[in-house]
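To keep things clear, I will list the structure first and then write my remarks on it.
Values below: every heavy atom of this structure, side chains too, minus hydrogens, waters and symmetry copies. Counting begins at 1 with the first residue of the sequence.
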Amino acid sequence: MSQTHDAVQGNAWPRDVFEAKLRALGARYHIHHPYHRLMHEGRATREQIRGWVANRYHYQVSIPIKDANVLANCPDPATRRLWVQRILDHDGVGDDPGGIEAWLALAEACGMDRTRVAAEADVLPGVRFAVDAYVNFARRASWQEAACSSLTELFAPEIHQQRLTGWPDHYPWINDSGLTYFRKRLSEARRDVAHGLTVTLDHFVTRADQERALEILQFKLDVLWTMLDAMWMAYVEDRPPYHGCPAVPEVAE
């Protein structure tokens with residue numbers, strides 16, 4: 001009886017059910033975080049918008065590094081030919097300056113110092129820790145697991161569209177030219193989803209594998225949520241890292 005029960009539990013979900021379970025995790029996407037709701041509803045201050053742009057830059061520059069790790073671990077040339085486009089989208093190629101440059105343009109459109117943002121001078125420790133954990137996961141995982149972790153792209157088009165629709169009215173002080181990044185990602189994210197989802201559905205075919213894929217996607221959702229938790233503490237609660245600590249004393253050499 002126990003063996004029969006175990007066998008039933010071990011059955012893989014049909015492909016459509018597995019995909020539906022992956023998509024259901026969109027309920028935990030960071031679009032639902034109070035910080036994102038604050039921005040979407042037009043209630044964010046300039047400091048809060050700028051804090052988000054400055055911190056999110058560390059994520060933007062880390063994405064092509066994450067994708068380079070996928071390529072480094074992938075032995076299949078056909079997959080590499082498709083996946084490398086993600087790096088080009090961010091780093092730029094030919095006449096396209098790429099998404100990282102578009103993010104710096106967003107920073108400038110928000111009245112921020114481009115050089116300071118590029119130097120990551122204002123990145124919070126919690127944000128850096130979460131993003132770096134994501135890159136390290138992609139470095140150590142199989143390429144299929146790293147590809148699966150990118151599936152938060154399933155939920156990204158909605159969040160980009162929200163910004164394009166709402167920000168011009170809510171935040172007219174942001175120059176419209178700075179929204180180019182979000183316009184580009186609308187189509188890029190949909191293309192990337194089609195490939196990443198196919199990889200995941202094709203590779204994770206046993207019940208145990210499928211449950212592992214859900215764990216991986218949840219990990220990535222944790223990364224994105226934790227980034228916003230750190231920003232909320234710093235820019236909404238006004239409790240940045242080491243708030244209330246005494247100054248580090250000078251030590252004579």
Side-chain angles (χ1 to χ4, degrees), residues 28-63 65 90 97-135 152 155-186 189 220-248:
R28 296 175 178 173
Y29 190 48
H30 64 169
I31 196 172
H32 303 294
H33 193 284
Y35 202 102
H36 258 306
R37 294 205 302 267
L38 197 72
M39 294 193 293
H40 172 57
E41 295 166 7
R43 297 182 291 113
T45 65
R46 294 192 184 206
E47 179 192 33
Q48 289 161 355
I49 293 288
R50 289 168 175 162
W52 177 75
V53 170
N55 279 274
R56 180 80 180 188
Y57 180 77
H58 181 58
Y59 180 82
Q60 300 305 134
V61 298
S62 297
I63 290 302
I65 298 172
H90 281 80
I100 293 174
E101 175 59 33
W103 197 267
L104 289 172
L106 171 62
E108 290 182 308
C110 291
M112 303 169 72
D113 182 339
R114 173 193 180 94
T115 303
R116 184 174 180 85
V117 173
E120 303 187 31
D122 300 307
V123 175
L124 298 166
V127 170
R128 192 180 299 278
F129 189 85
V131 173
D132 291 356
Y134 178 39
V135 174
T152 48
F155 323 119
E158 180 182 357
I159 207 169
H160 296 319
Q161 189 60 61
Q162 279 189 358
R163 293 163 189 154
L164 291 169
T165 302
W167 280 29
D169 291 331
H170 293 321
Y171 310 111
W173 52 272
I174 301 177
N175 192 299
D176 183 70
S177 63
L179 303 181
T180 296
Y181 176 85
F182 307 127
R183 295 189 186 98
K184 283 170 53 67
R185 287 305 297 165
L186 276 176
K220 174 62 181 305
L221 291 164
D222 292 345
V223 167
L224 297 174
W225 198 273
T226 298
M227 291 169 62
L228 290 179
D229 280 348
M231 292 182 230
W232 181 273
M233 289 296 293
Y235 307 123
V236 179
E237 299 291 339
D238 194 26
R239 296 176 64 187
Y242 309 111
H243 174 76
C245 288
V248 177

Taking all heavy atoms of [X] and all of [Y], pick out the closest pair and write down the distance.
| X | Y | answer |
| --- | --- | --- |
| V117 | A107 | CG2-CB, 3.9 Å |
| H36 | I31 | CB-O, 3.8 Å |
| M39 | Y171 | O-OH, 2.7 Å |
| R163 | P168 | O-CD, 3.7 Å |
| M112 | A54 | CE-CB, 3.8 Å |
| G42 | H170 | CA-CG, 3.5 Å |

Exercise for the section: Mind checking ring-ring contact (aromatic ring centres under 6.0 Å, His included) for Y181 and listing every partner two or more places apart, or none if nothing turns up? Expected result: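 Checked Y181 against ring-ring contact (aromatic ring centres under 6.0 Å, His included); matches are W103.
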
Handout entry: More than 12 heavy atoms of other groups within 6.0 Å of R46 CZ
Key =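 More than 12 heavy atoms, drawn from other residues, nucleotides or ligands, come within 6.0 Å of this atom.
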
Problem - Whether T165 side chain and Q162 backbone form a donor-acceptor pair below 3.5 Å - result: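 No; zero donor-acceptor contacts below 3.5 Å.
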
Exercise for the section: Indicate yes or no for a side-chain donor-acceptor contact from Q48 to the backbone of T45 under 3.5 Å, with no hydrogens or angles considered. Expected result: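 Yes; at least one donor-acceptor contact below 3.5 Å.
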
Answer whether the closest heavy-atom distance between the side chains of [X] and [Y] falls below 4.5 Å.
| X | Y | value |
| --- | --- | --- |
| P172 | W167 | no |
| Y134 | S62 | no |
| W52 | L228 | yes |

Using 0.5 Å steps for rounding, measure from the [atom1] atom of [X] to the [atom2] atom of [Y].
| X | Y | atom1 | atom2 | answer |
| --- | --- | --- | --- | --- |
| L124 | H58 | CG | NE2 | 11.0 Å |
| Y59 | M227 | OH | CE | 7.0 Å |
| Q60 | L104 | CD | CG | 10.0 Å |
| Y35 | D229 | OH | CG | 12.0 Å |
| I159 | H30 | CD1 | NE2 | 4.0 Å |
| Y57 | L106 | OH | CG | 12.0 Å |

Handout entry: Side-chain donor-acceptor pair present, N55, Y235, cut-off under 3.5 Å
Key = yes

Practice task
Would you please indicate yes or no on a ring centroid separation below 6.0 angstrom for W225 and Y29?
Solution key: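 They do not qualify: ring centres at least 6.0 Å apart.
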
Practice task
Give the intermediate values and the outcome of salt bridge (charged side-chain N to carboxylate O under 4.0 Å, His left out) for residues E237 and R239.
Solution key: CA-CA 5 Å; E237 299 291 339; R239 296 176 64 187; 5.7 Å; no

Problem - Partners meeting salt bridge (charged side-chain N to carboxylate O under 4.0 Å, His left out) with R128 (sequence neighbours left out) - result: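 E120.
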
Problem - Under the salt bridge (charged side-chain N to carboxylate O under 4.0 Å, His left out) test, residues paired with E101 that sit two or more places apart - result: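 Salt bridge (charged side-chain N to carboxylate O under 4.0 Å, His left out) list for E101, sorted by chain: R114.
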
Handout entry: Pair R50-D113, salt bridge (charged side-chain N to carboxylate O under 4.0 Å, His left out): steps then yes or no
Key = CA-CA 10 Å; R50 289 168 175 162; D113 182 339; over 6 Å; no

